[in-house]
Chemist: 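Have a look at the structure that comes next, please.
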2 protein chains.
Amino acid sequence: MPRYALLVEYDGTPFVGWQRQENGLSVQQVLEEAAAPLNGGATPATTAAGRTDAGVHAEGQVVLIELAADLPPERLREALNFHSRPHPVSVLGAARAPEGWNPRFSSLGRGYRYTILNRPARPALMLGHAWHVPRPLDVAAMHAAAQGLLGRHDFSAYRAAACQARDALRTLDRLDVSRHGELVEIRTEARSFLHHQVRNIVGTLLAVGQGRRPVSWPRAVLEGRDRTRAGQTAPAEGLCFLFSRYAEALDWR
Amino acid sequence: MPRYALLVEYDGTPFVGWQRQENGLSVQQVLEEAAAPLNGGATPATTAAGRTDAGVHAEGQVVLIELAADLPPERLREALNFHSRPHPVSVLGAARAPEGWNPRFSSLGRGYRYTILNRPARPALMLGHAWHVPRPLDVAAMHAAAQGLLGRHDFSAYRAAACQARDALRTLDRLDVSRHGELVEIRTEARSFLHHQVRNIVGTLLAVGQGRRPVSWPRAVLEGRDRTRAGQTAPAEGLCFLFSRYAEALDWR
C-alpha cells in the first residue's frame, strides 16, 4: 500500500485534539474522513508526530497516511484540502513516505511555540491563540530561568499525571523566552516531550516572570521531581506545534 | 456629559460590521451594550473613525463614547472589556476626548492592511483573516502598479455603487505591496477612503499580480473613472483597520 507523509496546519480551537475520541471531532478524524473518498470509501489510519491536546494548534504537524490508491502527492494534497472543508485543517504538503519512516518514531526533534498576550486588554484578534496575562512580565528573568532546564534531565516534575511515557528522561535542546511588543514567545525544541511538559514549563516560568518566584526556582522544581511543586499548567490555546525533523528527506509537494 | 475616546481591536468575523444593523450583531452594538451598565442602564451612542464592513477586522479602531458618569479612563477600559465578553472586541485604551474632537471628522489619516495568503493550500490558522490566492503573485509588478494610484485623484472607478460620499476625490498617501513568506501585504494610508476603495484597489492589483493585466492597468482604470472597468472587490476578511491619526493628543490608558 502506498504510504504518504503529510505536512498539516490546523487551528485547534474547535477540536478535541489530534487524536480520535468519543467526545467530539478530532483533527485525525477530519483527515481520515477526507481521505476515505481516495481510498475506495474505507477510512484509512493515520499516525502523527505529536498528539496535540484539545485547543493546541499546529503550523507543521507531520502525519503518515496509508492509502490503497497510488496518487501523485500534489493530487493527494489538493483532494484532502477539498474534502476536509470547511474545517480549519489544511494540508500544506504531501510526499511519498520513505520505507520504514514513521512520523513519531523517526523524529529527530520537535519544536513548539507558546504565545502569551501580555497587555491589560483581553485578546480579540488572538482569542484562542494566546494566554492572556494582563500584568507586565519580566521576560529576561523568564529566559534566564529557562536556561536552567536545558539538557538531559528527569522531567517528572513537569509531566502530566496522565502521561503514559515509560520514563521521564528527556533532553531539552532549546527554551528561549522573548518579547515582541505585546507578545511573549517561548520557543522550545527537544527530541520528544512528555505530556503537558511544555505547558507545565510555561506555567512555572510565568511565576518567575511575575516576580512571585526566583530565577532559580524552575531548576529547583526540576530537581525535586515532584509535579505538585511546579507551577500551573498553561492553557492549551497558547501552544502551537511548529515542526518535526527527520534524517530522511521528505519531498513536499 | 463626559466624552471618551476608545482604541478598539476586534475580529470582524462574527459581526455584520461596525455599524448597527437590523440583520445581526455589530461591533457598535457590543460596545454600546457593554457601556450601558456604566451609564445608568441607558445605551449610549458611539461614533467610529472607520465604519468597517462585515468581516473586516480592526487593530486600532477609534471610537467616541459619551457617558453620564465621570470615570477614570482605566476603569472605563476595564469595565467595557468585562461587559463585552465573550465577544472578540477588546478596548486597548481609553482617554478623555478633547473638546470638539470627533474620531471621524478630526481624523488626519487612516491606515489599512490587506492580507493575501499566497500558497496552494487553503488557510487553516488564517481562516477568516486573509484572502486565499493559490497561484504565485508577482508582488513587484503589483507594487509598481500601485504607485500609479498615489496622490490626489477622482477615485470613482474604485468606489462601491452604494458609496454615499459626496465626491470621489481622495488623496492616497501610501500603497505598498510586499511579500512576507506566504503572505502578501498591501498597506495603504489616506486622509479618508471611499466605500470599498481599498478592496477594489486590491482586486485590481491582483489582476496585475496574476499577469492577466499590465502594470499600467490600475492607473488606466483610475483615469477611466468607470467602476465597471476595475477588478473584483477583494473579500472583506483580508482587510484590517490599523489606525486613525489626530492632531489632538489622546492620552490612552
Side-chain angles (χ1 to χ4, degrees), chain A residues 6-15 27 30-31 34 56-61 73-94 113 115 117-130 132 134-135 181-182 237 239-242 252-253, chain B residues 6-15 27 30-31 34 56-61 73-94 113 115 117-130 132 134-135 181-182 237 239-242 252-253:
Chain A
L6 305 174
L7 187 66
V8 184
E9 171 185 299
Y10 49 85
D11 181 337
T13 310
F15 299 112
V27 180
V30 166
L31 276 178
V56 174
H57 315 290
E59 282 185 18
Q61 177 69 279
E74 295 87 336
R75 273 212 47 220
L76 174 59
R77 164 172 55 74
E78 286 168 12
L80 288 174
N81 283 338
F82 180 81
H83 292 295
S84 60
R85 288 179 308 166
H87 300 291
V89 176
S90 179
V91 178
L92 306 181
R113 178 186 60 226
T115 304
L117 181 65
N118 190 29
R119 69 176 190 194
R122 64 185 181 76
L125 284 167
M126 293 208 69
L127 196 60
H129 292 265
H132 179 219
R135 287 165 190 270
E182 296 175 336
E237 60 211 51
L239 191 59
C240 186
F241 184 99
L242 296 181
W252 298 118
R253 294 300 173 103
Chain B
L6 305 175
L7 187 66
V8 185
E9 171 186 299
Y10 49 85
D11 180 336
T13 310
F15 299 112
V27 180
V30 166
L31 275 179
V56 174
H57 315 289
E59 282 185 15
Q61 177 70 277
E74 295 87 336
R75 273 212 47 218
L76 174 59
R77 165 172 55 74
E78 284 167 14
L80 289 173
N81 283 338
F82 180 81
H83 291 296
S84 60
R85 289 178 308 164
H87 300 291
V89 176
S90 180
V91 178
L92 306 183
R113 179 187 60 227
T115 304
L117 180 65
N118 190 31
R119 70 177 189 193
R122 65 185 181 75
L125 284 166
M126 295 208 67
L127 196 61
H129 293 265
H132 181 218
R135 287 165 189 270
E182 295 174 338
E237 62 211 49
L239 191 59
C240 186
F241 185 98
L242 296 182
W252 298 118
R253 293 300 172 103

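Every chain is numbered from 1 and lettered A, B, ... according to where its sequence line falls, protein lines coming before strand lines. This one's a predicted model, so the numbers in the text were calculated from it and none came from an experiment.
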Chemist: Measuring heavy-atom distances to chain A, does B/Arg122 have an atom under 4.5 Å in its side chain, in its backbone, in both, or in neither?
Modeler: both

Chemist: Which residues, numbered in order, of residues 84-91 of chain A come under 4.5 angstrom of chain B by heavy-atom distance?
Modeler: A/Ser84, A/Arg85, A/Pro86, A/His87, A/Pro88, A/Val89, A/Ser90, A/Val91

Chemist: In terms of heavy-atom proximity below 4.5 Å to chain A, should B/Pro134 be classed as side chain, backbone, both, or neither?
Modeler: neither

Chemist: In terms of heavy-atom pairs under 4.5 Å, which option from B/Met126, B/Glu182, B/His57, B/Arg119 contacts chain A the most?
Modeler: B/Arg119

Chemist: Can you name the side chain to side chain donor-acceptor pair (under 3.5 Å) partners of B/Glu78, sequence neighbours left out?
Modeler: none

Chemist: Residues of residues 6-13 of chain B under 4.5 Å from chain A (heavy atom pairs)?
Modeler: B/Glu9, B/Tyr10, B/Asp11

Chemist: Is it true that a side-chain atom of B/Arg77 and a backbone atom of B/Arg253 form a donor plus acceptor pair closer than 3.5 Å?
Modeler: yes

Chemist: Which atoms of B/Leu92 are under 4.5 Å from chain A, going by heavy atoms: the side chain, the backbone, both sets, or neither?
Modeler: both

Chemist: B/Arg75: which residues meet the salt bridge (charged side-chain N to carboxylate O under 4.0 Å, His left out) condition with it, sequence neighbours left out?
Modeler: none

Chemist: Going by heavy atoms in the side chains, are A/His129 and A/Thr115 under 4.5 Å from each other?
Modeler: no

Chemist: If I compare all heavy atoms of B/His132 with all of B/Ala121, which pair ends up nearest, and what's the gap?
Modeler: NE2-O, 3.2 Å

Chemist: So, taking the atom named CG in B/Asn118 and the one named CZ in B/Arg135, what distance separates them when rounded to the nearest 0.5 Å?
Modeler: 11.5 Å

